[in-house]
Amino acid sequence: MCGIVGYIGASAVKKTLLDGLKELEYRGYDSAGLAVMQNGRIEAFKAAGKLNNLVNKTASFEPKGFAVGIAHTRWATHGKPTEINAHPHRGERSYVVHNGIIENYQPIKAELIGKGVKFISQTDTEVIAHLYESFLAKLKDPFKAFETTVQSIEGAYAILLIDETAQETIFFAKKGSPLQIGEGESGRYLASSDAPLIGVCESAIYLEDGSWGYVSEREIKIFIGKNIVSPQKKPLPATQGAAQKEGFRFFMEKEIYEQTKAVGETLASRLTANSARLDELSADFFDEAASLRLCACGTSYNAALSASYLFERLAKIEARCEIASEFRYRDPVLRKNEIFIVISQSGETADTLEALKMAKKAGLKTLAICNVDNSSIAREADATILTRAGIEKGVASTKAFATQMTVLWLLAIYIAQRNGADEEAIAKEIGAIRRVPSALAIKPERHERIRRLSKRYLHGHGFFFIGRDIFYPLAMEGALKLKEISYLHAEGYPAGEMKHGPIALADAELFTIALTPKTILKEKMRSNIEELIARDSTLLAIGGDEAAYADDRLDIDERDHPMLEFFETMTIIQLLALEIAVRLGNDVDMPRNLAKSVTVE
Ligand code: M6R
């Protein structure tokens with residue numbers, strides 16, 4: 001999704017901005033741009049498509065010495081992904097970059113047009129620059145003009161604005177979209193996530209919603225409303241950590257292979273000989289808990305849904321799941337003795353963040369399961385359990401899902417212990433969860449078999465991933481992975497529901513990917529598969545129940561726990577999606593139309 005970088009200093013401004021954008025590239029975008037101010041003059045460049053197009057466009061632009069710069073990667077919301085709609089947007093003398101959506105841009109635009117202002121883009125963002133300049137003309141003071149602009153706009157935003165009449169200054173405003181300020185030896189930085197700041201800044205100031213102000217060479221001034229806020233600095237890691245492909249073709253592939261290690265990290269120090277330990281939770285965290293409400297989007301929602309089976313089965317606590325974008329607007333009934341759990345890799349997903357705020361406002365205790373420390377969601381929740389997946393660059397989530405599932409399983413064991421579950425049952429879970437890293441290890445021959453098989457699954461009129469129990473959400477996750485990167489239509493369905501409608505689609509050109517574990521509901525699953533085979537659906541069975549009479553089979557190892565079968569099956573559906581997408585020639589790490597972190601609703 002859109003990314004923002006700002007810089008004030010004397011260290012190769014163009015390179016600094018482009019390097020910053022590069023760090024945000026994996027989040028998904030369709031155009032990019034930058035603007036640099038030196039000696040009261042701004043030069044701006046924009047390009048549709050990949051960042052390299054902007055690099056080529058700015059090849060002969062070499063500003064030397066002190067400069068002020070803003071830069072942006074855009075993921076189109078209002079208007080096509082063209083060069084004109086790329087940011088920065090300009091007025092007469094000011095330039096703006098913006099993440100989020102200005103909800104009242106239409107009346108503002110109409111009013112400005114009425115006053116003779118000419119607009120050239122289809123974006124909501126352009127109104128900010130023109131509105132600012134109209135206030136500047138009246139107030140003759142950039143600071144007051146920016147303050148009035150911020151007061152006049154509605155919606156969710158992170159904004160940087162530079163103005164030729166306010167040299168050495170970047171104005172900023174933040175509401176609902178992430179924005180942070182970093183200070184380093186070579187200058188002051190602003191960014192929409194930590195990534196561009198790591199390695200160049202030691203600490204960051206994470207702006208609260210409603211913050212606005214300016215950063216100049218001399219000072220950082222932050223306001224909320226009219227009040228000055230003292231910045232709270234938080235340390236940043238010294239390096240970006242592992243973010244190279246390390247010999248793999250794609251980040252996604254590397255991240256699938258990394259799951260063994262990532263889950264090892266997730267579990268580190270969270271298991272004793274016979275119990276789950278979650279030091280992040282106060283001893284009384286679940287004291288009043290009568291039920292759990294899990295809320296998330298996309299893959300994280302699939303993790304929530306799988307986990308709801310574990311919470312009810314192991315911990316005997318009611319667990320309901322919510323898609324965050326639905327939850328927000330359906331006036332849900334919330335009970336104070338319910339624990340509200342949000343799950344998010346990025347910690348910045350707008351719908352999940354807003355759902356979390358709603359639950360907090362309603363007085364619920366909140367818990368975030370999140371991969372990014374200091375993210376908006378991690379900061380908002382009463383408690384956070386970090387998944388420790390490390391940076392996930394592939395847009396299609398893999399190791400983030402594996403680590404979320406591990407934390408959720410741990411949490412289910414943890415609550416089961418508190419609820420007085422049988423010691424033997426807990427010991428069995430602890431023994432099994434320890435073996436997740438080995439269940440995630442990928443054998444070269446398995447990968448090769450999937451690669452070869454993938455060539456048979458490139459056409460057809462659709463895919464149904466089917467499963468039962470925890471394998472139903474996993475089927476949904478398999479379908480999501482496939483459609484994200486292959487652009488083939490795929491649905492995840494409860495196997496027992498097929499006969500209530502979707503089976504009408506069954507013929508040889510319908511690909512059914514059946515998840516067939518041996519340890520759970522295997523006879524039921526077998527019957528569902530027979531129904532599809534009888535109607536000639538082409539069927540790939542992943543799991544290994546011998547009776548699954550399928551066209552193709554990918555068997556997993558003998559496992560004595562459904563969750564271990566779950567994790568191993570998960571690696572297979574991830575690799576299958578990957579290999580199909582590769583054969584179709586798609587950009588696996590940055591699939592079309594998608595963004596890694598969805599910061600608009
Ligand atoms: O960062 P989050 O976990 O909150 O993101 C939620 C979804 O946008 C995300 O899981 C998305 O569905 C992935 N691209 C799936 O691979």
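In each ligand, atom 1 is the first atom listed, and ligand 1 is the first ligand listed. Numbering of residues begins at 1 and proceeds along the displayed sequence. Fair warning: this is a prediction, and the values are worked out from it, not measured in the lab.
- Applying the side chain to side chain donor-acceptor pair (under 3.5 Å) test between S397 and each of E392, Q574, E477, Q345 identifies E392 as the sole match.
- Protein heavy atom nearest atom 2 (P) of ligand 1, with residue, atom name and distance: T349 OG1, 3.2 Å.
- A salt bridge links D209 with K357: at least one charged nitrogen is closer than 4.0 Å to a carboxylate oxygen.
- For atom 8 (O) of ligand 1, the nearest protein heavy atom (residue, atom name, distance) is V598 CG2, 3.9 Å.
- Each of the atoms 15 (C), 16 (O) of ligand 1 lies under 4.0 Å from some heavy atom of S397.
- The atoms of ligand 1 that sit less than 4.0 Å from any heavy atom of Q345 are 1 (O), 2 (P), 3 (O), 4 (O).
- A donor-acceptor contact shorter than 3.5 Å is absent between the side chain of N371 and the backbone of S346.
- Given atom 10 (O) of ligand 1, the protein heavy atom at minimum distance is T299 N, 3.1 Å.
- Heavy-atom proximity to V395, at under 4.0 Å, picks out these atoms of ligand 1: 13 (C), 14 (N), 16 (O).
- Ligand-side atoms of ligand 1 in range of S344: 1 (O), 2 (P), 3 (O), 4 (O), range being under 4.0 angstrom from any heavy atom.
- Note that K365 lies outside the cation-pi zone of F340, set by a 6.0 Å cut-off to the ring centre and a 45° limit from the axis.
- The residues K50 and E25 are annotated as not salt-bridged, no charged nitrogen and carboxylate oxygen being separated by less than 4.0 angstrom.
- Residue T352 has no N or O atom closer than 3.5 Å to an N or O atom of ligand 1.
- Shown in contact with A396 at under 4.0 Å from a heavy atom are these atoms of ligand 1, numbered in order with element: 16 (O).
- Residue contacts with ligand 1 leave out E348, since none of its heavy atoms falls under 4.0 Å from the ligand.
- Counting non-hydrogen atoms of other residues, nucleotides and ligands closer than 6.0 Å to CD of E491 gives a total above 12.
- At least one donor-acceptor pair under 3.5 Å links the side chain of T266 to the backbone N or O of A262.
- Considering backbone and side-chain atoms together, Q404 places no N or O closer than 3.5 Å to any N or O of ligand 1.
- For the pair E255 and K393, the salt-bridge criterion is not met [side-chain N within less than 4.0 Å of a carboxylate O].
- Listed by number with element, the atoms of ligand 1 under 4.0 Å from a non-hydrogen atom of S300 are 2 (P), 3 (O), 10 (O).
- Atom NZ of K361 sits in a sparse spot, with 12 or fewer heavy atoms from other residues, nucleotides or ligands closer than 6.0 Å.
- Contacts between K596 and ligand 1, counted as non-hydrogen atom pairs separated by less than 4.0 Å, are absent for every part of the residue.
- Screening F471, Y472, F464, F463 for a ring-ring contact (aromatic ring centres under 6.0 Å, His included) with Y493, the sole residue that qualifies is F464.
- With ligand atoms numbered from 1 in the order given, ligand 1 contributes 15 (C), 16 (O) to contacts under 4.0 Å with heavy atoms of K481.
- Annotation: S346 places an N or O atom under 3.5 Å from an N or O atom of ligand 1; distance criterion only.
- At least one test fails for K254 against the ring of F248: distance under 6.0 Å to the centre or angle within 45° of the axis.
- Here the heavy atom of the protein found nearest to atom 7 (C) of ligand 1 is C297 O, 3.7 Å.
- Only the side chain of E484 comes within contact range of ligand 1, with a heavy atom under 4.0 Å; no backbone atom does.
- Not one N or O of G298 is nearer than 3.5 Å to an N or O of ligand 1, by distance alone.
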